Amino acid sequence: MREIRNIVILTGAGISAESGVATFRGPDGLWEGHRVEDVATPEAFTRDPGLVQAFYDARRAKLKGVEPNAAHRALARLDAEWPGDLLIVTQNVDDLHERAGAERVLHMHGELRSAWCLACDGRSRWEAPLGDGPACPACGAQGRMRPDIVWFGEMPYEMDRIEAALVEADLFVSIGTSGAVYPAAGYVQTARYRGAQTLEMNLEPSQGSYFFHESRIGRAGDLVPAWVEEMLG
Ligand code: BJW
């Protein structure tokens with residue numbers, strides 16, 4: 001096995017579940033009660049912007065009441081203390097990695113606390129509702145702000161940077177993601193093909209579980225701190 005210096009960590013909704021943020025799939029998932037096509041596609045936004053804005057306004061408001069958990073804090077510690085390259089690629093649109101103190105974080109599916117102005121193409125930090133059609137702080141256009149979220153059929157952010165990190169990775173770790181959504185679901189294969197060791201930590205085997213060298217099954221809040229201790233110990 002080659003020495004581990006460069007680490008890429010992919011996180012999904014499962015890492016925030018113990019903080020009280022809903023996951024997507026499964027019995028209590030966010031998609032329960034919503035059809036994906038009704039809220040998470042650009043077509044849905046064109047058809048019914050009020051419904052889509054309300055869905056994201058409610059989730060943005062809920063963020064104020066949640067805190068990072070032991071898994072976020074452990075990754076922040078690894079980020080601070082790991083001497084090699086490290087990149088946390090999160091599919092999550094919450095800001096719990098940052099609030100735990102992690103710095104090397106990339107949000108491939110966008111962020112709830114960011115708004116995208118369709119008039120000037122600018123992004124602004126955003127805490128308030130978007131449903132009432134606020135003006136863009138950059139260009140002043142009224143009612144042209146949408147959630148800065150990557151919907152189905154849209155290109156995830158920073159694909160080149162992610163690809164470059166995967167190619168250089170000695171270790172790829174996936175935490176709390178079902179492996180149902182591409183391109184993130186394919187990252188284990190990219191990293192493994194380039195010689196990385198691969199590890200997943202999830203409540204249950206993910207859809208791509210057989211691509212990983214090792215699967216640890218359990219809660220992120222238990223598994224991730226123990227793994228970080230192994231890495232730094
Ligand atoms: C715990 C736990 C605990 C619970 N501890 N674990 C056919 C084949 C292949 C691809 C496609 C296809 N048809 C269409 C596509 C492309 C499409 C896609 O993948 N569709 C699939 C449905 C098949 N992808 C796209 O459109 C993407 N864009 C794209 O591909 O552009 C073109 C392109 C091509 C090639 C290269 C590059 C680009 C865009 C995808 C955008 C995804 N957006 C969403 C919603 C918006 C954000 C939001 O509203 O918040 O992002 S979908 C939703 O799923 C969200 C998530 O980030 C994403 C992944 O979900 P995640 O995180 O895995 O959550 P869950 O709920 O699925 O799983 C949670 C897991 O945690 C479970 O396993 C639990 O067991 C576990 N867990 N508690 C540990 N305590």
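Both backbone and side-chain heavy atoms feed into the values below; hydrogens, waters and symmetry mates do not. Positions are given from 1, in the same order as the sequence printed here. This one's a predicted model, so the numbers in the text were calculated from it and none came from an experiment.
Counting heavy-atom neighbours within 6.0 Å of E103 CD, excluding the residue itself, gives a total of 12 or less. The number of heavy atoms from other shown groups lying within 6.0 Å of CZ (R194) does not exceed 12. By the 6.0 Å contact criterion, CG on D132 is enclosed, its count of non-hydrogen atoms from other residues, nucleotides or ligands being greater than 12.
When each of L87, N6, I7, V8 is paired with E168, the side-chain contact (heavy atoms from CB on, under 4.5 Å) condition holds for N6 and for no other. Results of the side-chain contact (heavy atoms from CB on, under 4.5 Å) test with T90 over I175, I9, V105 single out V105 as the only residue that passes.
A salt bridge links D95 with R113; the closest basic N to acidic carboxylate O contact falls under 4.0 Å.
Judged by distance alone, the side chains of D148 and Y157 do bring a donor and an acceptor atom under 3.5 Å apart. In this structure, a donor-acceptor pair under 3.5 Å is absent between the side chains of E18 and H72. If you check the side chains of T177 and Q91, you find a donor sitting under 3.5 Å from an acceptor.
Ring-plane geometry between F172 and Y187 is classed as perpendicular, the angle between the planes exceeding 60 degrees on a 0 to 90 degree scale with a lower cut at 30.
Within the 4.5 Å cutoff, side-chain heavy atoms of I162 are placed close to those of L106.
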### Query
Between T190 and E163, does a side chain to side chain donor-acceptor pair (under 3.5 Å) hold up when you go through it step by step?
CA-CA 8 Å; T190 308; E163 193 71 27; 4.7 Å; no
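Judged as a side chain to side chain contact (heavy atoms under 4.5 Å, CB included), and not counting sequence neighbours, the contacts of A138 are C120, C136.
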